[in-house]
Amino acid sequence: MLPSSVKIVEVGPRDGLQNEQQVLPLAAKLQLIDELANAGLKYIEAGSFVSPKWVPQMANSHELFQQLNKQSGVIYSALTPNMHGLQSALTAKVDEVAIFGAASESFSMRNINCSIAESLLRFEPVIEYAIANGLKVRGYVSCVLGCPYEGEISPQKVLQVTQQMLAMGCYEISLGDTVGVGTPLKTAKLLDTLLQHIAVDKLAAHFHDTYGQALANILIALQHGIGVIDSSVAGLGGCPYAKGAAGNVATEDVVYMLNGMDIVTGIDLPALVSAGQNIMLRLGRTSQSKVAQAMSVVKQ
Ligand code: HMG
Ligand code: MG
């Protein structure tokens, strides 16, 4: 059964901008986030508290959170891989945090410099301390449909890590097709396995669009009842530790599809397209969103 409404988690300012060559000045990031909130996005992943040596693009996350024009009803979240990150996030007064693990050992090593087992040990106090300080914790599992280093990843491995992160206190796990290699059949097989053990409202879909499969995979996720979708305005982004990975599915494309399916998102599509055009103009790049491209042609 399809959900009647969908929550979009906008990850452009984090997942998108972390993979841009240029480090955007604070004012440009703030403007993007404000325009996304004006377009009706209620959940915006605005930055991450990671090592600036690993991801220099996110180094100004502290200042960013301090200067955010927080709109009421909008959750502004950030990634926190360890206690160091969580402490900074608390000082910066984030609304919510997210930890990020993987279903692939080699991706875990490259992304956060530890094994999956070590990462779970590291997350435990982060989750506990965040919750004790009134913050909800979202979890990511990367490489759920394949890994750039290991290739195939079994649904059983994804199930195991997802269940562990939920048991540790994450309220939701976002399933990351980090390199965008998944297909609808693979997505269906993964979800069929997970949903035998996990309630559907505990899962979100996070698809990158490297092979152009993201919307098709999202349709499968919707048909399995998933009601939370991560996406990135203008299709910004990728992953610095997954070479060749393209950006997330474009938020504009997801919203257009959901509008056409009578699934409510609360998002103003023209305002979203305009936010995407502004940031791409700033970056000197073309929008990766087909819908944004089509709508700007129609306007001219
Ligand atoms: P490490 O080198 O093992 O950490 O990195 P460490 O604890 O040994 O510390 C080394 C140095 O980093 C020290 O500084 C620490 O202070 C500093 P030094 O003494 O050398 O000057 N440090 C920090 N600085 C700021 N904030 C922190 C922090 N922690 C340590 N939180 C670490 C381990 C996790 C820190 C590192 O590997 C890292 O930052 N990784 C982040 C990688 C990343 O951000 N990747 C992209 C996000 S994940 C993603 O995009 C996937 C997702 O979208 C889902 C999907 O698509 O699948 C979520
Ligand atoms: Mg991602």
Side-chain angles (χ1 to χ4, degrees), residues 9-20 45-62 65 77-92 94 97-104 106-116 118-123 125-126 129-130 137-149 153 158 161-162 165 170 172-182 190 203-210 214 217 228-232 235-251:
V9 171
E10 171 59 48
V11 295
R14 192 281 302 172
D15 205 347
L17 297 184
Q18 78 180 7
N19 207 42
E20 291 298 327
E45 198 170 73
S48 66
F49 293 90
V50 299
S51 162
K53 286 185 194 139
W54 286 62
V55 187
Q57 293 89 337
M58 292 291 112
N60 56 7
S61 289
H62 199 272
F65 271 92
S77 71
L79 297 188
T80 53
N82 52 18
M83 283 305 281
H84 183 144
L86 178 62
Q87 296 285 5
S88 310
L90 283 167
T91 319
V94 306
V97 292
I99 52 158
F100 47 106
S104 148
S106 18
F107 184 81
S108 182
M109 282 309 301
R110 306 258 185 150
N111 194 39
I112 50 176
N113 205 23
C114 62
S115 68
I116 297 172
E118 284 164 341
S119 76
L120 294 173
L121 283 176
R122 197 184 274 176
F123 295 150
V126 176
Y129 198 69
V137 184
R138 193 169 198 247
Y140 283 100
V141 176
S142 284
C143 297
V144 300
L145 295 173
C147 168
Y149 312 111
I153 296 292
V158 180
V161 181
T162 303
M165 282 167 57
C170 290
E172 169 180 292
I173 299 298
S174 178
L175 301 166
D177 183 11
T178 318
V179 266
V181 290
L190 172 68
L203 298 176
H206 180 107
F207 290 105
H208 287 255
D209 203 26
T210 319
N217 293 338
V228 183
I229 295 171
D230 300 1
S231 60
S232 180
L236 280 170
C239 177
Y241 299 101
K243 202 162 180 278
N248 302 83
V249 64
T251 311

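We count ligands from 1, going down the list as the structure has it; atoms in each ligand are counted the same way. Source: prediction; values computed, not measured. For the single chain, residues carry numbers from 1 onward in sequence order.
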May I ask you to identify, for [X], whether its side chain, its backbone, both or neither come under 4.0 Å of ligand 1 on a heavy-atom basis?
X      : result
Trp54  : side chain
Arg14  : side chain
Asn82  : side chain
Asp177 : neither
Val50  : both
Met58  : neither
Ser88  : neither
Thr178 : both

Tell me if a side-chain donor or acceptor on [X] pairs with a main-chain N or O of [Y] at a distance below 3.5 Å.
X      : Y      : result
Thr251 : Ser232 : yes
Ser61  : Ser48  : yes
Glu172 : Ala204 : no
Asn217 : Phe207 : no

Counting each atom of ligand 1 from 1 as listed, which ones have a heavy atom of [X] under 4.0 Å away?
X      : answer
Tyr140 : 54 (C), 58 (C)
His206 : 53 (O), 54 (C), 55 (C), 56 (O)
Val55  : 43 (C), 44 (O)
Gly85  : 31 (N)
Leu79  : 47 (C)
Ser142 : 51 (C), 54 (C), 55 (C), 57 (O)

Is the shortest side-chain heavy-atom distance between [X] and [Y] below 4.5 Å?
X      : Y      : result
Ser119 : Ile112 : yes
Phe123 : Val137 : no
Trp54  : Asn113 : yes
His206 : Asn248 : yes
Val181 : Thr210 : no

Will you find, in the side chains of Ser174 and Asp230, an N or O donor that is under 3.5 Å from an N or O acceptor?
yes
Among the N, O or S atoms of Asp15, the one nearest the Mg ion (ligand 2):
OD2
Below 4.0 Å from any atom of ligand 1, is there a heavy atom belonging to Ala98?
no
Ignoring hydrogens, what is the shortest heavy-atom contact between Ser142 and Thr178? Give both atom names and the distance.
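Result for this residue pair: CB-OG1, 3.3 Å.
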Contact summary for Phe49 and Ser88, nearest pair of heavy atoms:
CD2-CB, 3.5 Å
Would Arg14 and Phe100 count as a cation-pi pair here, with the cationic atom under 6.0 angstrom from the ring centre and within 45° of the axis?
no
Ignoring angles and geometry beyond distance, decide whether [X] reaches within less than 3.5 Å of ligand 1 through its nitrogen or oxygen atoms.
X      : result
Asn113 : yes
Ser51  : yes
Cys143 : no

Heavy-atom distance to atom 41 (C) of ligand 1: which of Asp15, Val126, Thr80, Asn111 wins?
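Nearest option to atom 41 (C) of ligand 1, by heavy atoms: Asn111.
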N, O or S of Asp230 under 2.8 Å from the Mg ion (ligand 2):
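False for Asp230.
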